[in-house]
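Only this structure's heavy atoms are used, side chains among them; waters, hydrogens and symmetry mates stay out. Just so we're clear, the structure is a prediction, and the values are computed from it rather than from any experiment. Naming convention: chains lettered A, B, ... in sequence-line order (proteins, then strands); numbering from 1 in each chain.
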Amino acid sequence: MELIITEKDNAARRIADILSEGGTSTERSGGVDVYQWGGRRCIGLSGHVVGVDFPPEYSDWRDVEPAELTDAPVTKTPTQESIVNVLKRLAGEADSVIIATDYDREGELIGKEAYELVREANADVPVSRVRFSSITENEVKSAFADPDDLDFDLAAAGEARQIIDLIWGAALTRFLSLSARQVGDDFISVGRVQSPTLKLIVDKEREIEAFDPEDYWELFADLEKEGSTFEAQYFYRDEDDNEAERVWNEDDATAAFDVLREAATAVVESVRRRTRTDDPPAPFNTTQFIRAASSLGYAAGRAMSIAEDLYTAGYITYPRTDNTVYPDDLDPADLLDALSAQRDFAASVERLEELDELEATRGDEETTDHPPIHPTADLPSKGDLSEDEWEVYELVVRRFFATLAEPAEWEHLRVVADAEGEQLKANGRRLVEEGYHAVYPYFGTDENHVPDVAEGEELAIADARMEAKQTQPPRRYGQSRLIETMESMGIGTKSTRHNVIEKLYDRGYIENDPPRPTRLAMAVVEAAEEYADLVVSEEMTAELEADMTAIAEGEKNLDSVTEESREILGRVFEALDESREEIGEHLRESLKADKRLGPCPKCGSDLLVRRSRQGSYFVGCDGYPDCRFTLPLPSTGEPVVLDAECEEHGLNEVKMLAGRNTFVHGCPLCAAEEAAETEDRIIGPCPECGENAAPEGERGEGGDAAGAHGGELAIRKLQSGSRLVGCTRYPDCEYSLPLPRRGDIEVTDTYCEEHDLPELVVHDEGSDEPWELGCPICNYEEYRARQGLDGIEGIGPKTKEKLAAAGIENLDDLVDADAEGVAEDVEGVSAERVEDWQAKAD
DNA sequence: GCAAGGTC
């Protein structure tokens with residue numbers, strides 16, 4: 001029996017399909033699919049199935065000095081036990097093994113990890129390696145016809161990176177966390193990729209903070225030609241003889257304006273007409289895909305998550321790639337033909353099929369990892385996908401179209417005119433050949449109309465304007481520009497750059513979108529710059545890359561490279577250890593600044609956003625325990641302190657981050673006062689303990705509160721700002737139903753017969769139509785039943801279909817389901833994944 | 001529990 005090992009299940013299935021000519025049987029073993037045919041078996045890993053770590057005696061942060069990690073051993077242990085176990089069992093039964101992991105450095109390392117596991121189970125079995133950059137019949141078959149050997153030097157290069165990243169990251173993270181006494185969930189992290197990325201954001205913020213705006217003026221005139229007008233802008237020659245539009249001195253601007261205002265006409269001095277070719281874009285790699293999706297409003301992580309779902313469902317190719325050149329055996333004509341079956345694409349396909357030849361554009365990056373992102377011949381129908389998924393899918397399809405389409409052509413028209421000695425210019429542009437824009441409507445094609453005028457022609461000046469302006473600070477990095485910059489600096493990879501940004505959010509280093517650094521982030525970058533400059537620099541990666549190349553080429557070895565890196569870090573710690581107190585003090589002060597709201601109304605110290613032992617957030621006084629003043633915060637989301645201040649209390653407003661349900665809570669003291677002033681509105685008996693409730697003992701659930709105790713339901717506003725329908729006997733009876741946060745609630749005279757409660761109507765300024773919420777119990781029941789599975793991250797279109805087939809269509813179904821049972825019934829879904837979804841659904 | 005890199 002021959003065993004083939006791939007990097008992921010999806011690749012295993014497709015390779016088995018190709019090599020077996022479609023005749024595989026699937027055997028599920030320990031939660032892992034194994035594909036079998038003839039004398040062969042194929043298993044997919046899940047990336048790295050072993051991970052590096054320190055031995056257990058180094059695991060206690062307080063017992064081990066961070067500096068000791070610089071000399072600590074690093075071991076490898078399985079992180080995916082079930083896959084490792086199946087792999088070893090199959091290896092024991094194999095006569096030969098073929099490693100078919102991805103064709104890049106990390107793939108070589110994953111292959112070597114698999115090789116070592118195979119060796120543990122089978123000391124003698126021959127092991128070979130195949131390399132292909134796209135899973136197509138041609139490439140896969142020719143790779144398997146001519147197998148090669150594992151490249152142990154290339155794998156060692158990857159291992160050096162693993163060791164250096166762990167030692168630097170763990171030692172410095174522990175040091176900063178311990179020095180600031182932040183050792184729980186909120187540790188302070190540092191790393192070779194995250195810290196230079198954070199420095200990019202911090203440096204930009206420093207520029208913005210240091211920015212001093214300058215006044216300038218711009219002048220415009222409307223010129224008239226045959227009854228219609230077009231805008232021209234005043235310009236002059238500066239001291240370097242460059243054309244300039246900004247006037248830096250108000251007197252000069254006013255003088256020019258007086259001339260323009262007085263002048264009746266302008267005489268055309270020159271007319272220049274040029275055509276410019278606008279080439280179609282290159283195929284999508286990950287970074288360019290993220291950039292394009294971001295212009296549609298998708299954050300980087302969201303775009304990747306959708307792309308991964310589309311890939312898993314089989315609609316697009318692998319979304320993590322550096323490649324911008326299609327493989328030779330991609331036949332555009334075949335793929336176009338398949339895509340024409342979808343009505344939305346038919347017109348575009350027809351247009352492309354009219355071209356004399358189909359030649360795709362090529363980008364600058366040609367790599368062996370995977371093909372550029374493009375659609376497959378397996379089309380979804382619109383109903384298979386959510387709106388977002390369809391929008392992203394269409395983007396990928398249309399990008400593929402664009403790479404085959406002809407260039408567009410623009411006509412640029414530049415007119416310069418003289419008005420009593422002052423110069424005016426107008427730049428027109430017109431799209432004369434639509435080219436690829438016809439099939440790829442995501443780039444702007446705005447035209448600016450400037451009429452056909454002749455040299456010497458006299459044009460009337462219809463209006464003149466002077467606008468006072470100010471120079472603007474540099475713009476913050478948006479997520480996609482950050483990812484592009486990381487790529488150009490060589491930090492992170494196609495698979496990790498977007499995760500790095502999410503990590504910075506999670507660690508409390510950045511807030512908002514575009515991201516803005518917190519005071520903590522500023523302090524971390526400052527500390528690193530002063531004591532461990534290398535870890536916030538792109539040089540660290542550049543030097544590591546050079547060392548990795550040297551290892552891969554046999555010029556250096558793993559031990560010498562890691563030893564040298566350990567020594568450098570050891571020297572960093574000599575300086576760090578001396579300044580431990582000072583660094584910790586600065587970090588603690590910055591942490592407090594991020595959480596400070598303003599003066600405590602009781603004692604005047606600072607009110608801070610804090611976290612209780614149970615993990616919920618609240619506002620507490622820095623004077624605790626002397627001052628015990630507190631205010632509640634909403635129970636959903638992570639609080640962020642905004643710049644905006646409440647005029648009445650001088651407290652900063654608070655925003656609650658909760659994905660799509662993010663909202664501004666405002667001043668917590670105002671919210672609490674408002675709740676105190678709002679009276680409860682009683683609407684009927686409590687179904688748990690009111691007059692109609694069943695007597696004690698006859699109800700299954702909610703035993704304590706059950707029975708008639710005269711409880712009544714009321715619309716209540718809580719100090720935390722949320723509203724609900726709750727029992728007046730709270731906390732003895734905890735029965736409650738959710739209500740919307742916004743809008744005025746009207747209690748109508750119409751009653752629900754089933755629950756004996758009035759129907760409610762919500763009047764929100766934000767929407768024209770009032771929302772007929774109805775009986776609050778019926779409403780909540782309907783809401784739970786209606787709630788589909790779209791809101792849960794990680795459930796892709798195909799999985800959704802499969803879950804529906806197993807009878808799981810909404811959140812209630814999901815929460816009630818038995819995770820193990822679902823894993824048995826639904827192919828490719830593990831019990832852990834189901835439990836993860838259930839946690840989110842709840 | 002720390003990183004970055006795979007993968008879900």
Colleague: Please work out if A/Val190 contacts a base, only the sugar-phosphate, or nothing of the nucleic acid, heavy-atom cut-off 4.0 Å.
Modeller: sugar-phosphate
Colleague: Testing the 3.5 Å rule here: is there a donor-acceptor pair between the side chains of A/Thr376 and A/Asp378?
Modeller: no
Colleague: Has A/Phe187 got its ring stacked on the base of B/dG1, with centres under 5.5 Å and planes less than 30° apart?
Modeller: no
Colleague: Using the six-membered ring of A/Tyr318, assess whether NZ or CZ of A/Lys8 lies under 6.0 Å from its centre and within 45 degrees of the ring axis.
Modeller: yes
Colleague: Under 4.0 Å: is that the gap between some side-chain N or O of A/Lys503 and OP1 or OP2 of B/dA4?
Modeller: yes
Colleague: Round to a whole Å and report the spacing from CH2 of A/Trp61 to P of B/dC2.
Modeller: 6 Å
Colleague: Return the value, rounded to whole Å, for the distance between atom CG of A/Leu166 and atom P of B/dC2.
Modeller: 12 Å
Colleague: Just N and O in the side chain of A/Arg320: are any of them under 4.0 Å from OP1 or OP2 of B/dT7?
Modeller: yes
Colleague: Specify the separation, in whole Å, of atom CZ of A/Arg497 and atom P of B/dA3.
Modeller: 19 Å
Colleague: Over how many whole Å does the gap from A/Phe54 atom CZ to B/dA3 atom P extend?
Modeller: 11 Å
Colleague: Regarding A/Asn323 and A/His370, is there a side-chain donor-to-acceptor distance under 3.5 Å anywhere?
Modeller: no
Colleague: Can you see if the side chain of A/Thr496 gets near the phosphate of B/dG5 - specifically, an N or O under 4.0 Å from OP1 or OP2?
Modeller: yes
Colleague: Please tell me whether A/Gln80 and A/His48 have a donor and an acceptor in their side chains that are separated by less than 3.5 angstrom.
Modeller: no
Colleague: Is the phosphate of B/dG1 approached by A/Thr173 (side-chain N or O, under 4.0 Å from OP1 or OP2)?
Modeller: no
Colleague: Does a side chain donor of either A/Thr287 or A/Glu487 reach within less than 3.5 Å of an acceptor in the other side chain?
Modeller: yes
Colleague: Starting at NZ of A/Lys76 and ending at P of B/dG6, how long is that distance when rounded to a whole Å?
Modeller: 14 Å
Colleague: Using whole Å, report how far CG of A/Asp186 lies from P of B/dC2.
Modeller: 11 Å
Colleague: Just to confirm, is there a sub-4.0 Å distance from OP1 or OP2 of B/dA3 to any side-chain nitrogen or oxygen of A/Arg507?
Modeller: yes
Colleague: Between atom CD1 in A/Ile501 and atom C1' in B/dA4, what is the gap in whole Å?
Modeller: 15 Å
Colleague: Just to be sure I understand the rule, does A/Gln80 reach a base, reach only the sugar-phosphate, or reach nothing, if contact means heavy atoms closer than 4.0 Å?
Modeller: base
Colleague: With a 4.0 Å cut-off on heavy atoms, is A/Ser177 in touch with a base, just the backbone sugar-phosphate, or nothing at all?
Modeller: nothing
Colleague: For A/Gln194 and A/Ser189, which I'm curious about, is there any donor-acceptor pair between the side chains at under 3.5 Å?
Modeller: yes
Colleague: Would you please confirm or rule out a distance under 4.0 Å between OP1 or OP2 of B/dT7 and any side-chain N or O of A/Ser495?
Modeller: yes
Colleague: Using heavy atoms and a sub-4.0 Å distance, could you list which residues of residues 191-202 of chain A are near DNA chain B? By number, please.
Modeller: A/Gly191, A/Arg192, A/Val193, A/Gln194
Colleague: Can you find a donor-acceptor N/O pair under 3.5 angstrom joining the side chain of A/Asp9 to the base of B/dC8?
Modeller: no
Colleague: For residues A/Thr286 and A/Arg497, is any side-chain donor paired with an opposing acceptor at under 3.5 Å?
Modeller: no
Colleague: Go nucleotide by nucleotide along DNA chain B from the 5' end; which of A/Leu69 and A/Tyr311 gets its closest nucleotide reached first?
Modeller: A/Leu69
Colleague: Please classify the nucleic acid contact of A/Gly158 as base, sugar-phosphate, or nothing, using heavy-atom distances under 4.0 Å.
Modeller: nothing
Colleague: Is a donor-acceptor pair below 3.5 Å formed from side chain A/Ser189 to base B/dC2, judging by atom type as modelled?
Modeller: no
Colleague: Identify whether any heavy atom of A/Asp53 sits under 4.0 Å from a base atom; if not, whether one sits that close to sugar-phosphate; answer base, sugar-phosphate or nothing.
Modeller: base
Colleague: Judged by modelled atom types alone, do A/Tyr531 and A/Ser579 share a side-chain donor-acceptor pair under 3.5 Å?
Modeller: yes
Colleague: Can you measure A/Trp168 atom CH2 to B/dA4 atom P for me and round it to whole angstrom units?
Modeller: 13 Å
Colleague: Pick the nucleotide of DNA chain B nearest each of A/Thr493 and A/Tyr58; which residue has the one closer to the 5' end?
Modeller: A/Tyr58
